[in-house]
Chemist: 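My questions all concern the structure below.
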Amino acid sequence: MRGCMDKETQAPSNRFIVTVIGQDRVGIVARISAVMMEYGMNIVDISQTIMQDLFTMIMLAQATSRDFKLASFQAAMDQAARELGVEAKVMHEDAFRYMHRI
Amino acid sequence: MLIEPNEIIETVRMVKMDHLDIRTITMGISLRDCADPDMAAFNGKVYDKITSRAKDLVRIARELQDLYGIPIVNQRVSVTPIAIAAEACRGDDYVSIAKTLDAAAKAVGVNLIGGYGALVHKGATPGDTRLIESIPEALAVTDRVCSSVNVATTRAGINMDAVALMGRIVKATALRTADRDGLGCSKLVVFANAPEDNPFMAGAFHGVGEGDCVINVGVSGPGVVNAAIRELRDPDFTQISETIKKTAFKITRMGELVGREAARRLGVGFGILDLSLAPTPEIGDSVAAILEAMGLERCGTHGTTAALALLNDAVKKGGAMASSSVGGLSGAFIPVSEDAGMIAAVEAGALSLEKLEAMTCVCSVGLDMIAVPGDTSASTISAIIADEMAIGVINKKTTAVRIIPAPGKKVGDTVEIGGLFGRAPVMAVGAYSSEAFIRRGGRIPAPIQSLTN
């Protein structure tokens, strides 16, 4: 598996896992993608499925902007999720790598 | 995607549904270089050192909380036991030091600061005694200061003079904070074999074998373990143990990630990771609920000690596999007031002080956040402490007593401690006196380390 730390700075990478879970409805992907675009988040990978009757979208996204503000992006995602009646969560990819891979 | 979708959902669920959190990032700060014969100068040095070392602690914890999407509930500071740091001070206004610690904690925004204590397992210096005598006042006039006193170790035995003194100090602390149901006692821990790198309050202090400044992380997750066990269909104990181990492994990895990154950003060394199942009053985020998930009708009934032994051991095994920096207490906590399941078990009459004592033989810490009637004598409290210290010393483990003789309360009443500390139903203590036993004084010798039967 590729290293997830920047070799020079030892800082975490700029890739995040975005999960959206909730009742399926029209416009979830469109609305969430719009927020991603607004904050310059490039969608590297996306998967979408229905798990236990719930719409589940998982995206691996990379921040492309030099002055990317994680907290503002999270706030905008929360706002979009509230309007859609779903739950959205943005977590750095290392959280998953550390937990599930040795 | 390198990580499977079901793994991603599992992690998100742990955080969102099962209350997985980093319970505390605790910065340990040595105050040994602050020693000064002048009390005011000492206080100044202490304030400056804490506020300079920990000035970015809260900000960085918030950054990491956003980055990894996992709540980091508390930021705290632990310091060298004040009895050691302040030994050289002339004058006995130790309360002024507690006020300094309180002010420094407020200045950097940490919610608790630990280390207003002494290590007296073999004997006490005049400074140790002065500090211990000042604890009731110190805890009454400060908001965030926590105190711990180590009165026993497996190598030294039990200092019964200190045990007798601590019974009186606990009682005095309760009376001094009687207007708040004896709140002061929730910030006072009496230890055997106290760990020097424990990040959890109220017992955290920065040990004398530690470096100048270090980051220790406490990670918790009884809710996650509870949910994982409840998902199993009619498991046997091997499967339960395996599930706890795997869950503990995952939680510990998350803690290690946060701890190392916090230490890197703060520019200090990473100390240890303490995986302790520390319950919160949230429903399901309960150690009692885990024990009940194994098939006990109520926590406290027969079988509870065995269930807890399995849980504690499996947590340690999973944690030790996940990180080479496991330290602190690492195990399961059973604080009554902070665990909705424990409170319910006491109120249902299923869980007694005697059963809790037995449970402390097989889990980390000890009699924790227990309320007893306000008229409980100092010698009875000392005797409860002595029993708990004996369990720790003989079993070569940490044990502790954090007990609240709630002024004016009797069995059946509830003590509302509030905030992080929850509420504690008042439990019955033995009716017979231990007065002559406690008055005897001296030391219970260190136990033999062979002929183990």
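By convention in this document, chain letters (A, B, ...) are assigned in the order of the sequence lines, proteins followed by strands, and residues within each chain are numbered from 1. These numbers were taken from a predicted model, which means no experiment stands behind them.
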Chemist: Which value, rounded to the nearest 0.5 Å, describes the distance between A:K89 atom NZ and B:T11 atom OG1?
Modeler: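 Between atom NZ of A:K89 and atom OG1 of B:T11 there are 11.0 Å.
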Chemist: Take atom CD in A:E87; do more than 12 heavy atoms of anything else shown fall under 6.0 Å from it?
Modeler: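 Open: at most 12 neighbouring heavy atoms sit under 6.0 Å from CD of A:E87.
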Chemist: Is any side-chain heavy atom of B:D66 less than 4.5 Å from a side-chain heavy atom of A:V90?
Modeler: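 Heavy-atom side-chain distance check fails, nothing below 4.5 Å.
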Chemist: B:V12 versus A:I17: any side-chain heavy-atom pair under 4.5 Å?
Modeler: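 SC-SC contact between B:V12 and A:I17 ruled out.
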Chemist: Count the heavy atoms belonging to other residues, nucleotides or ligands that lie under 6.0 Å from NZ of B:K106, then report whether that count exceeds 12.
Modeler: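 Counting neighbours around NZ of B:K106, more than 12 heavy atoms of other residues, nucleotides or ligands fall under 6.0 Å, so yes.
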Chemist: Would the number of heavy atoms belonging to other residues, nucleotides or ligands and lying under 6.0 Å from CZ of B:R230 be above 12?
Modeler: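 Result for CZ/B:R230: enclosed.
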Chemist: How about CG on A:L54, more than 12 heavy atoms from neighbouring residues, nucleotides or ligands closer than 6.0 Å, or not?
Modeler: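 Counting neighbours around CG of A:L54, more than 12 heavy atoms of other residues, nucleotides or ligands fall under 6.0 Å, so yes.
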Chemist: Select, from B:I9, B:L257, B:V258, the one with the greatest count of heavy-atom pairs under 4.5 Å involving chain A.
Modeler: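 Of the options given, most contacts go to B:L257.
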Chemist: Report the distance from atom CD of B:E63 to atom CG of A:L70, rounding to the nearest 0.5 Å.
Modeler: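 One gets 9.5 Å once the value is rounded to the nearest 0.5 Å.
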Chemist: Would a distance-only check, ignoring hydrogens and angles, find a side-chain to backbone donor-acceptor pair under 3.5 Å from B:R253 to A:R97?
Modeler: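 Between the backbone of A:R97 and the side chain of B:R253 there is no qualifying donor-acceptor contact (under 3.5 Å).
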Chemist: What is the minimum heavy-atom distance between B:L20 and A:M99, and which atoms define it?
Modeler: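 Scanning both residues completely, I find the closest heavy atoms to be CD2-CE, 3.8 Å.
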Chemist: With a cut-off of 6.0 Å (strictly less than), are more than 12 heavy atoms of other residues, nucleotides or ligands near CE of B:M321?
Modeler: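 Not more than 12 within 6.0 Å, no.
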Chemist: Would a distance-only check, ignoring hydrogens and angles, find a side-chain to backbone donor-acceptor pair under 3.5 Å from B:E7 to A:F96?
Modeler: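 Side chain of B:E7 to backbone of A:F96, a donor-acceptor pair under 3.5 Å: no, none is there.
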Chemist: Nearest heavy-atom pair of A:M91 and B:Y68: which atoms, and what distance?
Modeler: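 Reported closest heavy-atom pair: CE-O, 3.2 Å.
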Chemist: Pick one of side chain, backbone, both or neither for B:V15, based on which atoms fall under 4.5 Å of a heavy atom in chain A.
Modeler: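 Side chain of B:V15 only, per the 4.5 Å heavy-atom cut-off to chain A.
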Chemist: Out of curiosity, A:N14 CG to B:L67 CG, how far, rounded to the nearest 0.5 Å?
Modeler: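 If I round to the nearest 0.5 Å, the distance is 10.5 Å.
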Chemist: Hey, mind stepping through B:E4 and A:H100 against side-chain contact (heavy atoms from CB on, under 4.5 Å) and telling me if it holds?
Modeler: CA-CA 9 Å; B:E4 300 292 325; A:H100 296 287; over 6 Å; no
Chemist: Give, as side chain, backbone, both or neither, the part of B:R265 having an atom under 4.5 angstrom from any heavy atom of chain A.
Modeler: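 It is the side chain, since no backbone atom gets that close.
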Chemist: Checking A:T56 against chain B: side chain, backbone, both or neither under 4.5 Å from a heavy atom?
Modeler: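 It is the side chain, since no backbone atom gets that close.
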